[in-house]
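The shown structure was predicted, so the numbers you read here are calculated from the model rather than taken from an experiment.
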Amino acid sequence: MANFLLIHGAWQGKWVWPAVSAELTMRGHEVHSIDLPGSGADTTPLDQVTLSLYADAIVKAIKAIGKRVTLVGHSMGGIAVTAAAEQAADCLARIIYLCAYVPVNGDSLSALSDLAPARPPSPVALAHDALASDTQPSARVETFMQDAPYAVAHWAAPQFRAQAMAPMTTPVQVSEQAYGKLPKSYIVCTRDRAIDPVLQRVMAARSGCSRIKELASDHSPFLSRPTETAEMLHRMVTEL
């Protein structure tokens, strides 16, 4: 079975993963997750958070696991796992992107966002002297987790934190010799209001994801469809 390392997206933390982790554990997998620097319970000041710091934290977690890892990145976490994978390719079995941003060499999250079809006004605004971005509390449920049970969504919404901007504007540098050799898969969330499903499919195709699956979920499938999410992750590591 697989050794999963689950990496959260912007404004969130490892608190998003317990339901999926439990489901994967029941299927016989080993599951780990971390708070990226400046996220969740991590207290790194936002002005010190960089994409390199994200990558270093993920690589450290991979090496602590001590086995070949299946790296899962959600949303902005797709940028972070890609940067880490370039450094730790020999320690990885595969990467799975979950409604995530997937860069090719030289892409940043900000540049990828510009490829998206026109959408309604964003609920995201700059904060902390433009060092970070934050989400409007009143828009979090409808934007990120409209399919989640009421109690779950309203438990999750207050846990969002400001997100450092530097990792979102920094281009990712990857090579064919390291990142390029890794098997990559993508889960498109077809009801996503945060990252357009059309953009998800484009990013999956241009980055060479060999398996692309679809899940009828919003942007937070770990809250809205945890059983289905875990089952899809399980099948991606067990089915040829």
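Counting heavy atoms of neighbouring residues, nucleotides and ligands inside a 6.0 Å radius, atom NZ of K181 exceeds 12 of them.
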Let me see the working for K67 and E30 under side chain to side chain contact (heavy atoms under 4.5 Å, CB included), right down to the final yes or no. CA-CA 10 Å; K67 305 170 187 175; E30 185 176 313; 2.8 Å; yes

After noting the C-alpha distance and the side-chain angles of D134 and R140, does the key distance pass the salt bridge (charged side-chain N to carboxylate O under 4.0 Å, His left out) rule? CA-CA 10 Å; D134 212 342; R140 288 171 185 164; 3.6 Å; yes

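Counting heavy atoms from C-beta on, the side chains of L223 and W155 come closer than 4.5 Å. Proximity of S108 to T169: side-chain heavy atoms (C-beta onward) are nowhere separated by under 4.5 Å. Contact check for R211 versus E239: side-chain heavy atoms found under the 4.5 Å cut-off. Side-chain contact between M203 and I195: present, with at least one pair of heavy atoms (C-beta onward) separated by less than 4.5 Å. Residues V20 and V72 form no side-chain contact, since every pair of their non-hydrogen atoms from C-beta on lies 4.5 Å or further apart.
Using the six-membered ring where Trp is involved, H29 and F4 have ring planes that are perpendicular, over 60° apart on the 30 and 60° scheme. Ring-plane geometry between W17 and H74 is classed as perpendicular, the angle between the planes exceeding 60 degrees on a 0 to 90 degree scale with a lower cut at 30.
Using a cutoff of 4.0 Å between basic side-chain nitrogens and carboxylate oxygens, D147 and R193 are not scored as salt-bridged. One finds a salt bridge joining D107 and R206 here, because a Lys/Arg side-chain nitrogen approaches an Asp/Glu carboxylate oxygen to under 4.0 Å.
A distance of 5.5 Å separates OG1 in T82 from CD1 in I95, rounded to the nearest 0.5 Å.
In the hydrophobic cluster analysis, where Ile, Leu, Val, Met, Phe, Trp and Tyr join through side-chain heavy atoms closer than 4.5 angstrom, I212 is grouped together with L199.
Of the options V81, T70, V69, L5, a side-chain contact (heavy atoms from CB on, under 4.5 Å) to L92 is made by V69 and by none of the others.
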